[in-house]
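The structure under discussion appears below in the form of structure tokens.
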Amino acid sequence: MTQFLMLMRRECMQHRTGWLVVLLAPTLLLLLLGLMDGAWQINIDNDGVHLPPLSQQPALVQTCLLVLAVTGVTFGLALLSVGFQLPGLAWRDQQDHSAEFWSALPVGHAKSLGAMLFTQVLALPGLAIAVGMLGGVLASLVSVSATLGPLAWLAQPWGLLLAGGAAMLLRLGLGLLVAVAWLSPLLLLTMAASAWLRRWGVPLVAAVVLAGIWLLDQRLPVPMVGPALRLVSSQALQALLFVSGTEGFSLGSADAALSQLRSLPGLLLSDLGPMLGRALTPGLALALAGAALGFWLLVLRRQRGS
């Protein structure tokens, strides 16, 4: 475990500047705009009803909307960062000649690759969720203080806000784990192709997938490639999105936001069971088997290249 944490720390140190930009940019941008303009004149459309700008909303509505917005943007930027970096990570250590250094240490290739993948695919997006939620709270401090005064920000029901935030963090964290499990064969097999074929890996994977959808599925009695991709993507999306119990969800007024906030922890926690139940299927087992194949190919490439 000590070696694994050391490898994770090395991964964080290598990418710390870029990750700090990804994690803090949405919050800092909103804070800067809020301090310059005093308030954000952001129009809101809720269920087809045009509402007053964000700066004219009650304090609780401003806080809830900003937490959701900053968390979503920060999480999205983290996912984009991971998606752009993963193919190159497969052969990064060979490219910068650090593979020889790591192979001289008492650390196996499987452990070094596992730490890299865990940090990039799970730790960074999970940290983005937490940082985005905190950033939304800071942004609400500027917004509410500029329009209603700092006492209005302090007078919010922080017990309910903290309970809802903790439940959301738990739900999104477990959803992220399940989503990564579903997407793991695509991620690891693409990384393996990049490790073996370098810059041709991603184009080859894309060509194989398109050929499977447009050529192979047309000739099979039952299409396989397209439905498999739709299953993986839909299950990953459902793991991240909370949809059950959101009928009639509205933040159009302070009373509505308070009512939704009271019921939010229970709704989020009750959604964990169905979400995990949807994941425990033979399809996920096949996805993990494909991920294991991709990971073995990555380890084999490291062994051949060191």
Side-chain angles (χ1 to χ4, degrees), residues 19-78 124-173 175-176 240-242 245-246 248-269 271:
W19 287 4
L20 284 174
V21 172
V22 168
L23 294 175
L24 300 180
T27 300
L28 294 177
L29 181 60
L30 273 180
L31 290 176
L32 180 62
L33 292 176
L35 292 174
M36 291 175 58
D37 299 335
W40 298 295
Q41 299 297 320
I42 303 174
N43 293 326
I44 305 171
D45 188 72
N46 184 57
D47 294 332
V49 179
H50 189 70
L51 300 176
L54 179 65
S55 60
Q56 300 178 18
Q57 296 292 326
L60 185 58
V61 175
Q62 292 188 42
T63 299
C64 292
L65 290 176
L66 285 171
V67 168
L68 292 174
V70 178
T71 302
V73 172
T74 308
F75 183 64
L77 287 178
L124 175 60
L127 186 61
I129 296 172
V131 171
M133 294 177 70
L134 291 175
V137 173
L138 290 176
S140 72
L141 172 61
V142 174
S143 176
V144 174
S145 298
T147 56
L148 303 174
L151 292 180
W153 186 81
L154 293 173
Q156 295 180 94
W158 285 104
L160 292 177
L161 284 169
L162 291 175
M168 182 175 294
L169 188 61
L170 176 63
R171 171 63 180 83
L172 289 176
L176 174 65
L240 287 174
L241 297 181
F242 171 66
T246 58
F249 190 87
S250 174
L251 294 174
S253 66
D255 292 337
L258 188 61
S259 175
Q260 300 294 344
L261 202 57
R262 287 195 182 103
S263 60
L264 185 61
L267 290 174
L268 289 174
L269 294 178
D271 189 59

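All figures in this text were calculated on a predicted structure; none of them were measured in a lab.
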Original post:
Which heavy-atom pair separates P26 from V73 by the least distance, and what is that distance?
Top reply: CG-CG1, 3.8 Å
Subject >> Min side-chain heavy-atom separation L170-L268 under 4.5 Å >> reply: no
Subject >> Donor-acceptor contact below 3.5 Å, side chain T71 vs main chain M133 >> reply: yes
Original post:
Within the distance-only criterion (no hydrogens, no angle test), does the side chain of S143 pair as donor or acceptor with the backbone N or O of S140 below 3.5 angstrom?
Top reply: no
Original post:
Shortest non-hydrogen contact from P125 to A78?
Top reply: CA-CB, 4.2 Å
Original post:
Which atom names give the shortest non-hydrogen contact between G132 and V70, and what distance separates them?
Top reply: O-CG1, 3.4 Å
Subject >> CD1-CZ distance between I129 and R171, expressed to the nearest 0.5 angstrom >> reply: 10.0 Å
Original post:
Stepwise, does the side chain to side chain contact (heavy atoms under 4.5 Å, CB included) test hold for L161 with L60?
Top reply: CA-CA 9 Å; L161 284 169; L60 185 58; 3.9 Å; yes
Original post:
Just how far is it from atom CG of L258 to atom OG of S263, taken to the nearest 0.5 Å?
Top reply: 10.0 Å
Subject >> Check: F75 and L240 side chains under 4.5 Å, non-hydrogen atoms >> reply: yes
Subject >> Min side-chain heavy-atom separation V142-W153 under 4.5 Å >> reply: no
Original post:
How long is the gap from CG on L24 to CG on L77, to the nearest 0.5 Å?
Top reply: 11.5 Å
**OP:** Quick one: pull up OG1 in T147 and CD in Q62 and give me the separation to the nearest 0.5 Å.
**Re:** 4.0 Å
Original post:
What's the spacing between L134 CG and L23 CG if we round to 0.5 Å?
Top reply: 11.0 Å
Subject >> Nearest non-hydrogen partners of V144 and A59, listed with the distance >> reply: CG1-CB, 3.7 Å
Original post:
Nearest 0.5 Å, what's the CG-CE distance between L267 and M168?
Top reply: 10.5 Å
Original post:
What heavy-atom pair brings A167 and P265 nearest, and what distance separates the two atoms?
Top reply: CB-CA, 3.7 Å
